[in-house]
Number of protein chains: 2
Amino acid sequence: MSRASERAYAAIRAHVLSGSVAVGEQLTEDQLAQITGVSRTPVREAVRRLEDELLLVRSDTKRLFVADWSRDDIEEMFVLRQMLECHAAERAAKRLTREQIAALEALNRELTAAVEQSPPDVARFLEANRAFHEAIIDAAHSPRLGQLLARLVEAPVVLRTARTYSQDDLRQSARDHDELVAAFAARDGDWARAVMGSHLRRAFHTFARAVGPANDRDTTA
Amino acid sequence: MSRASERAYAAIRAHVLSGSVAVGEQLTEDQLAQITGVSRTPVREAVRRLEDELLLVRSDTKRLFVADWSRDDIEEMFVLRQMLECHAAERAAKRLTREQIAALEALNRELTAAVEQSPPDVARFLEANRAFHEAIIDAAHSPRLGQLLARLVEAPVVLRTARTYSQDDLRQSARDHDELVAAFAARDGDWARAVMGSHLRRAFHTFARAVGPANDRDTTA
DNA sequence: CGAGCACGATTTGTATACAATAATCACGCT
DNA sequence: AGCGTGATTATTGTATACAAATCGTGCTCG
């Protein structure tokens, strides 16, 4: 993606995630062009991408709105992410080099440091966490898998704010990561898959706590 | 997607799949604009979508080429598709209405008819097959799942030609579909998942036979 | 004779003007 | 007063012109 559309993408994304625009509120391409300082052409490209990531949606008549993620939407997303990322972990267990495993350990030291300072540095945590998961996905050597996950991972994780994580939540994440590294070191794909599964499922519940209770019907498999 | 970009999308797709352009050959947006009869603006939108579907790829320097799918690429795609579509089948088993199951039966009668005429009508088969799988995905009630699968399903299935299917292959597909319907009627998600798994894995092998032998290294999990 | 560089041609990226479509509002009719 | 209905405005879609980047080629200089 080239300079102007990249800028537009980042600016629009930041604008939406900052919360300065309510969910369900309409956006126009002109507005966004003004905000981002580029013309509508690259804005349209950026918007397309954000639609793909489901941060923005279009009405039946092509009008643009910021997406409203229900709890069920979030759960659906986590279920899919879990399915794909467990697969990635299993593959990664067979493919990670010693150097890559060492790099994961380093990332998790960074993450742990972010957790243990007081107060915990959530932004620093999130960045280390993102890098950790990304490294695993890369090591799975499955470009399409990476592409699919890219759509899923970023979108709502920040949307409903990350500020609801308790220090205990963060510590548990760090422990999960430690165990993942152990599974990788042992080259045990089943183990890695299992750890990743519980890791993400717990993340969902942590996340869901903040957004509200489940509906009583049709909440996934 | 609106009229011009839709036309461009369909035209470019058809042009690439017709085989009248070699894999690895460069395409320019101007060419495509001429072929499709619209301006570059909607062409660029269509191209973006086709890139997403991995029918087209861009070089590091943004030049546009028709993608070259290796056998490993195809296997990777089938592995992901199997993972997601098994999940869809399992969910669908719990959600399909009697009417929807009846509709699946009807689709499979159509598919069987296409297979049993002589010679088998492959195009008719493919259309019924597509509709059958789509109905299952819809019934899973997981819009993001549908979106992810949309990226995977269409791209290469036709690319390397469908003409390699033998009548036996087609008949086996029809039997798989019958069994899927039976699993749905029994509301047995495990059964549905298992049938879908073998159905798609066999499809991969049928497909792979045509494109060549596996590499001896790193051919997926 | 070959390597590197400069320049013209090609191709992609962006801005802008215009066209088509959808929403809003005012008005008149029943 | 309610409800179509048409004019007006707002918004998205498309075409085109221009800017930036990239490629190919031939020329110079070592």
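Every chain is numbered from 1 and lettered A, B, ... according to where its sequence line falls, protein lines coming before strand lines. These numbers come from the heavy atoms of this one structure, side chains and all, not from hydrogens, waters or symmetry mates.
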Visitor: Looking at B:Leu54 and B:Trp69, what are the two nearest heavy atoms and their distance?
Guide: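 Shortest heavy-atom contact: O-NE1, 2.9 Å.
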
Visitor: Would you be so kind as to tabulate the donor-acceptor pairs closer than 3.5 Å made by side chains of residues 38-45 of chain B, with sequence neighbours excluded?
Guide:
unit_1	atom_1	unit_2	atom_2	d
B:Ser39	OG	B:Thr41	N	3.3
B:Arg40	NE	B:Glu29	OE1	3.0
B:Arg40	NH2	B:Glu29	OE1	2.9
B:Arg44	NH1	B:Glu29	OE1	3.4
B:Arg44	NH1	B:Glu29	OE2	3.0
B:Arg44	NH2	A:Glu45	OE2	3.3
B:Glu45	OE1	A:Arg48	NH2	2.3
B:Glu45	OE2	A:Arg44	NH2	3.3

Visitor: Just jot down the ring-ring contact (aromatic ring centres under 6.0 Å, His included) partners of A:Phe204, sequence neighbours excluded, or say none.
Guide: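 A:Phe78.
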
Visitor: Mark up nucleotides 5-20 of chain D, 5' to 3', with B wherever a protein heavy atom is under 4.0 angstrom from a base atom, S wherever such an atom reaches only the sugar-phosphate, and - elsewhere.
Guide: ------SBBBBB----

Visitor: May I have the distance from B:Arg7 (atom CZ) to C:dA20 (atom P), rounded to whole angstrom?
Guide: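 Roughly 14 Å, once rounded to whole Å.
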
Visitor: Between A:Asp169 and A:Thr206, is there a donor-acceptor pair closer than 3.5 Å when you use the side chain of the first and the backbone of the second?
Guide: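 No: the side chain of A:Asp169 does not pair with the backbone of A:Thr206.
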
Visitor: Rounded to whole Å, how long is the line connecting atom CG of B:Asp60 with atom C1' of D:dC23?
Guide: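 Computing the B:Asp60:CG to D:dC23:C1' distance gives 12 Å.
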
Visitor: For A:Ser173 and A:Asp176, which I'm curious about, is there any donor-acceptor pair between the side chains at under 3.5 Å?
Guide: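 A:Asp176 and A:Ser173 do not have a side-chain donor-acceptor pair below 3.5 Å.
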
